[in-house]
Amino acid sequence: MRVCIRVFGIVQGVGFRPTVKRHADACDIAGSVSNKGPYVEIFAEGSEECVNSFIKQIQEEPPKRAVILKLDVENVESGEDGIHKVESETDSKEKFQIIESEKEEGEIFVSPDIAICPECKKELYDKNDRRYLHPFINCTCCGPRLTILDSMPYDRVRTSMGEFPMCEKCEYEYTHAETRRFDAQPVCCNDCGPEVYLLGRKERGANAIRYTRKVISEGGIVAVKGIGGFHLCCDAAKEETVARLRQRKKRPMKPFAVMMKDLDVVRRECETEPHLEEILDGHQKPIILLPKKEGGTLCESVAPDNPKIGVMLPYAPVQLLLFDYQDETKVSDCLVMTSANTSGAPICRDDEDALNELSGLCDVILSHDRKIRLRADDTVMDFYRGEPYMIRRSRGYAPLPFMMGNEFKGQVLAVGGELKNAFCIGKNQLFYPSPYIGDMGDVRTVKALKESVKRMEELLETKPQIVACDMHPSYNTRAAAEEMGLPVFLVQHHYAHILSCMAENEWTTEKKVIGVSFDGTGYGTDGTIWGGEILLADYDSFTRWGCIEPFAQTGGDVSAKEGWRIAVSLLGKIYGKENALQIIETLGLCEPKLAKLQFTMEERGINTVQSTSAGRLFDAVSAILDIRKSSTFEGEASTSLQFAAEKWLDAQKKKIAGSEDFAESGIITDYEELKSISDVAQKSVVEKNNSINQNIKADLYYLPTLSLVKELAERKLAGENSNQLALHFHRRLAEMIVSACEKAREETGINTVALSGGVYQNKLLLDYSVTMLEERGFHVLRHHLLPPNDGGISLGQAVAAMRSLQKGE
Amino acid sequence: MDNLKGKTVSLAHGAGGKQTSELIDQVFKAHFANPELTSDDAAVLKMKEGKIAFTTDGFIVSPSEFPGGNIGKLSICGTVNDLSCMGAKPLYLSCAFVIEEGFPMEKLEAIAAAMEKTAKEAGVKIVAGDTKVAGKGQVDGVFITTTGIGEIQEGVETSGFMAKPGDAVIVSGDIGRHGCTILLAREDFGIDADVTSDCAPLWGTVQDILSVTKDVHVIRDATRGGVGTVLYEIAEQSHTGIRLNAEEIPVQESVKGVCGMLGLEPLYLACEGRLVIFAPKENAEAIVAKLREGKYSTEAAIIGEVTEEMPGRVVVTTEIGAETLLPPPGGELLPRIC
Ligand SMILES: [Fe+3]
Ligand SMILES: [Mg+2]
Ligand SMILES: [Zn+2]
Ligand SMILES: [Zn+2]
């Protein structure tokens, strides 16, 4: 019996072919296996029994990192291409052949980068191994992939390892199936391959690493080139050093991630759980947000005023060597490890960038000559109900595709949002979100976006027919999209959020959802700023069903940093300007003069826009409760509000420790109370029907957020605890959302709710929303491996654009 | 002129009869008198050989008086500066007034006085004029149109098309004061910031520049749309990019404060006495040094450079090292931060 087997999925760069050969040899199969770019092709000849058990083994025992999405088997006549050709063209005596890659078009699965595996780690510290302390050690199941790839299929010549000839021993391992490095494209050793060195100093190799370790141990700041770019690194226990890094990076408050030597250190510093550790130490090694433990060694400046810390384990061999090396230096087991760049720029990936941007930030730069083709920042992940909840999807995850139904046909590019940008390429039913690109406010990041789009298009062999972008007239991503010379498809920001959530959950094309899109600011179809939206949506269109109560947002981008401005605006609206002044002063929001100024700007329409931004509502409440009046980084005021609420909750939990009330979710303590909320969504009519889009209903439902703000302000003035009020705000807002969903269900019969938008990074609001919605019988779609924030919207944009192709728009 | 006290301009003042001549004699001729300003239908002027520059500008400003000047001073500066930017020595101006019925004579006189003073300073003569009175509500106070002629100095050629990569971008002083002054005078913000208009005639300033080198590619006065608008115009005309260093841009603390409160960009506030100069880098320091000795340019600074990258765009390196696109002029300032 002769068959041709095609295996689709992550089958390249994961040792698929050698595994197939092992199975073939074990099952007594003759034939061949080859990489075809989109898939692996196997010709197999043997008895029916052998062939069947061979196929079964491929399916049941694929290589560790492989993901089989589809496996086709086809009978082929004897003498047809595969088998015969192989036998005649090679003089090997092997019965089953691995043949060199050919290129073919089709669905392509590019493997993300894989963290160093336990076997390689063992060899790294084995004095008798020939790769002892080798900073680039890797094998068939670990090492860089996407970041060194030039084009598909994944073969050494098409990676940045192509320029390094292999030594004899490496060549042998690379070509022999019985070794751990058979077909490992980035294979190299202490005798061949790339080398580490210091920029602007003479030290290379071991001396470079020793010097770097010394600088760290003496309280210096170093830059280290890893897998997807450079990191800035220093001792996380030294307050003075970390403070200096903050000062140099001009980053006063935003938390730094910490790389810890191993799981024992993590357990010493943080509260952790087995399922978190599994991912923390898994082959992707993302940054995970963990609660700090009391009595830890991390200094305050690492994550000021923040109960959590972003933790990761070393994933590149050179990072392991920073912690532990053959020298006299003792390096801290907790190192700050933050993306190396100047403010706003993308992570540095080559020596030129590093010299230009990092020389003033650090004391020494440890680089190497294996080129990074595509940047990949570290992935950042939170957890919800024991499952990953993505904050930034990048190294180790991108560009794994999301799979949609096969009614999706065509090729699209979606350029994503303005902040936390990632773009997405859609090719028929597969949608590939890119690694994190960055904040498009900076022109260097816009350039990086354009470069990365080009590279990913080449890797995935796509020619987009259409480019999707946000509607915001001053987004640099929109300008970039319009420059591409393709038809441009505009997707409303909050609709894109909901679409991304639907797509991640493989929601069916026919059915509508109630989309709760709560985030910062996005451009609405009516030219105002939206942000706390309830939409009715399917893949083809949406209606704005409701939103939080609108307010004036004054000061342009400044308003996103200065929550007190929004607070003033809200209080002015609630109490009338004259009465508000007294309250504003008592709450200590700002001087009366500044409040008056705000009101004047609002009256005259100077730098003022109508807004329903939920993010700004959080900022305002944070200011009213005297938690944060303004932010030094995005989300500072709103996350502080969440922390305050959680602090209160924790205190409550301790009081009732042992009770079973909160066993389920781990967060909600007053669960019973949540069951009995009243119908709070009240209907009112939109004040000005200035809609330029018929998608907007003349009447919108408003969530009564102003009365909530009023209540909070009054209770704060009455001297109630800010943390308790912060918790009340979260719960009350969730109640309004849930009530609105009930009302929408009553009207439309839609029973599925999709939760998305940056505000849903807030797990407290998420948990209240999910719990109450489920309690009321809703089917809830939420994010898992795609960020709820703007890092996820490119998937939504891409899906919408693809649908528009289908409709022939 | 005591006889003007309490009087206002009436429609009869614009009817062309006796009252018109009275107005002209008492207010305008009293201030503008010079041999070339005659009662004939047109002024007769002698010109040297060579190229002349010729320009016109209308002035509407509310309020017509503001800290640091009034519409009269503005109307002279505007046209004088336009001529100066072409490397032309301003020689003659005409001015046409449209005055709202009921406008106080005293104010009009103050405007004329300011025009006289400014014209004298700029070395320019007002040689022709016209006065019309419009009914109440048809205009807001007074509108002035001035037209000017100047002779272009030997060897000077400046144009918005001539910026080249490698040029330094210089401003002749701190920016945005006029726009800030007018904004504060117009809107009752309740801010008492110490800001006066930068309104000034700049022929002397241009002469200072040309005394250092005639190799200057662009000189332009930043008016209505501020320095930002000028930069975008030039980037477009010259097909080059412009890169600014935010730390170097001179902005008075009080203007910064007002901009901070309102969330406005000082680069887009109007100036009425500020030049933007593009000149080869090697002469830039010398130009700035010379400018800093001048009356109206003590705060002159090199604020950026012309680049090949990103033609038509203006990029600002911020205080924290980010490289942001200066939002193109005219766009709404909508928040983008999510
Ligand atoms: Fe968003
Ligand atoms: Mg003009
Ligand atoms: Zn390995
Ligand atoms: Zn080797």
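Per chain, numbering begins at 1; letters A, B, ... match sequence-line order. Computed from a predicted model, the values in this text were never measured in an experiment.
A/Glu352 CD: 12 or fewer foreign heavy atoms inside a 6.0 Å radius. Residue B/Glu236 places its CD atom among 12 or fewer non-hydrogen atoms of other residues, nucleotides or ligands, all under 6.0 Å distant. Residue-environment remark: CZ (A/Arg251) exceeds the threshold of 12 foreign heavy atoms within 6.0 Å. The 12-atom threshold is not exceeded at CD of B/Glu285, counting heavy atoms of other residues, nucleotides or ligands nearer than 6.0 Å.
In terms of non-hydrogen atom pairs under 4.5 Å with chain B, the most contact-rich of A/Gly531, A/Gly615, A/Ser343, A/Gly757 is A/Ser343.
Each of A/Val446, A/Val443, A/Thr445 was scored for a side-chain contact (heavy atoms from CB on, under 4.5 Å) with B/Glu323, with one residue passing: A/Val443.
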Stepwise side chain to side chain contact (heavy atoms under 4.5 Å, CB included) test for A/Lys447 and B/Glu309:
CA-CA 11 Å; A/Lys447 204 170 138 203; B/Glu309 260 188 348; 4.0 Å; yes

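Rounding to the nearest 0.5 angstrom, the gap separating the OG1 atom in B/Thr324 from the CG atom in A/Asn476 is 9.0 Å.
A/Lys250 and B/Ile320 get closest at one heavy-atom pair: CD-CA, 3.6 Å. What you find for B/Leu264 and A/Asn607 is that their closest heavy atoms are CD2-ND2, 3.7 Å.
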Run the side-chain donor-acceptor check on residues 597-606 of chain A: report pairs under 3.5 Å with partners two or more places apart or on a different chain.
residue, atom, partner, partner atom, Å
A/Gln598, OE1, A/Arg565, NH1, 2.8
A/Gln598, NE2, A/Thr554, OG1, 2.4
A/Thr600, OG1, A/Lys596, O, 2.8
A/Arg604, NH1, B/Glu187, OE1, 2.4

